[in-house]
Amino acid sequence: DFLWIRRDSKIMSEGTPDNPVVMSGPLQESAGEWGGLIISGNAPVNGCNAGVELCEIPFEAITSETFGGNQPADNSGVLKYTQILFAGFAVRPNEELNGLTLNAVGSGTLIDYVQVHAGLDDGVEMFGGTVQMKHLVLTGINDDSLDWGLGWTGKAQHVLIQQASDDGDRGIEADNNGDNPDINPRSMPTLANLTLIGSSVGSQGALLRRGTGAKIWNSVFTGFGSSCLKIDGEATYLNAGTPDDLSGELTIVHSYVDCETNFSDGKGATFLVSDWFNNQMANSTEDPKLDGYLPGAGSPLPTSGMMVGDVFFDKVSYVGAFKDSQSDWTQEWTFNFSDI
């Protein structure tokens with residue numbers, strides 16, 4: 001089964017650090033023991049025909065009800081100190097549910113201190129909306145850990161992504177719209193303080209494609225088997241601008257990448273991803289020297305620098321999800337993921 005919070009309803013899942021809410025399968029042994037959590041809201045999405053004033057679309061896995069609307073501040077409730085474990089069964093062949101699916105969820109929703117562990121499909125996927133999140137732990141996900149499309153314009157800060165050594169695809173899979181990559185509202189989230197740790201079986205740390213935008217700050221991508229960063233599709237490159245004119249809507253600053261292959265150029269390339277990264281402010285290809293997922297001894301990650309000028313974001317300027325080895329906000333409330 002799965003838990004679906006429909007439009008105009010709210011979930012109130014608020015645990016505490018020493019007593020988190022746990023949503024799990026019965027065995028807690030493997031991905032796909034139950035469906036997962038789906039929340040649908042009334043925030044804007046793309047994907048409708050031109051001239052449709054109120055865009056409402058069906059969920060790709062469960063098509064019996066639509067989501068979306070014209071309420072960017074829509075409130076679908078609270079997820080705080082909540083674990084979502086071993087989710088993601090298939091509702092049809094090759095169509096698995098995500099651990100946490102956010103369909104047009106609005107910025108009035110509170111999502112903070114949420115873990116998705118061992119999901120059969122994606123960890124958290126946004127289909128449009130404006131939802132904002134802090135303190136996400138996405139561990140042992142079988143497909144992509146953080147996924148978005150259909151015009152997500154929300155925000156996220158303090159995000160740990162750690163792939164299992166024997167499974168997982170991308171850390172981030174980012175789309176605007178596969179049918180019309182330039183449709184509005186265009187996906188353009190703002191992300192800060194991410195630590196993404198891949199494995200040899202994973203592909204990209206981030207695949208940015210299908211016209212997406214994004215503003216990425218103060219983040220670390222390391223250990224992914226294919227590449228740390230890949231841009232794909234002519235519309236995505238055009239949206240990013242050029243290395244000589246970084247005025248586009250796809251940027252990354254004050255961030256570190258460290259993979260065997262750091263950059264990959266996809267179809268429709270009009271510049272090198274390496275140039276795009278290296279020509280932006282305070283980026284580095286130096287080894288971040290992590291001890292597990294925390295900064296280790298001798299880590300070059302700066303503890304001061306650039307802060308995001310937005311009231312949603314905590315005023316921190318360090319790179320990655322954690323300031324130092326003494327600042328581990330995952331302790332106590334998360335499901336054990338140290339041995340994945």
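Residues: numbered from 1 along the sequence shown.
- When each of T242, I231, L250 is checked for a side chain to side chain contact (heavy atoms under 4.5 Å, CB included) with Y237, only I231 meets the rule.
- A donor-acceptor pair under 3.5 Å links the side-chain atoms of S317 to the main chain of G305, judged by distance alone.
- Across all non-hydrogen atoms, the minimal contact from A87 to G35 is CB-O, 3.7 Å.
- Using a distance-only test at 3.5 Å, with no hydrogens or angles considered, no donor-acceptor pair links the side chain of Q28 to the main chain of F86.
- For Q157 (side chain) and T190 (main-chain N/O), no donor-acceptor pair under 3.5 Å exists by modelled atom type.
- Classification of the H135-H158 ring pair by plane angle, with boundaries at 30° and 60°, yields parallel.
- Surrounding CD of E95 are more than 12 heavy atoms belonging to other residues, nucleotides or ligands, all under 6.0 Å away.
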I would like to know whether F337 and H117 meet ring-ring contact (aromatic ring centres under 6.0 Å, His included); could you show each step before the answer?
CA-CA 8 Å; F337 59 92; H117 177 71; 7.3 Å; no

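- Ion pairing of D175 with R209 is present here, as a side-chain N (NZ or NE/NH1/NH2) and a carboxylate O approach within less than 4.0 Å.
- Side-chain atoms of S274 never come within 3.5 Å of backbone atoms of F263 as a donor-acceptor pair (strictly under, hydrogens ignored).
- T82 places a side-chain N or O within 3.5 Å of a backbone atom of S13 that can act as its donor or acceptor partner.
- Rounded to the nearest 0.5 angstrom, M133 CE and S107 OG are separated by 12.0 Å.
- Partner K134 forms a side chain to side chain contact (heavy atoms under 4.5 Å, CB included) with one of F312, W329, F313 and no other, that one being F312.
- Taking every heavy atom of both residues into account, S327 and K323 meet most closely at OG-CB, 4.0 Å.
- With no hydrogens or angles considered, a side-chain donor-acceptor pair links D328 and Q331 at under 3.5 Å.
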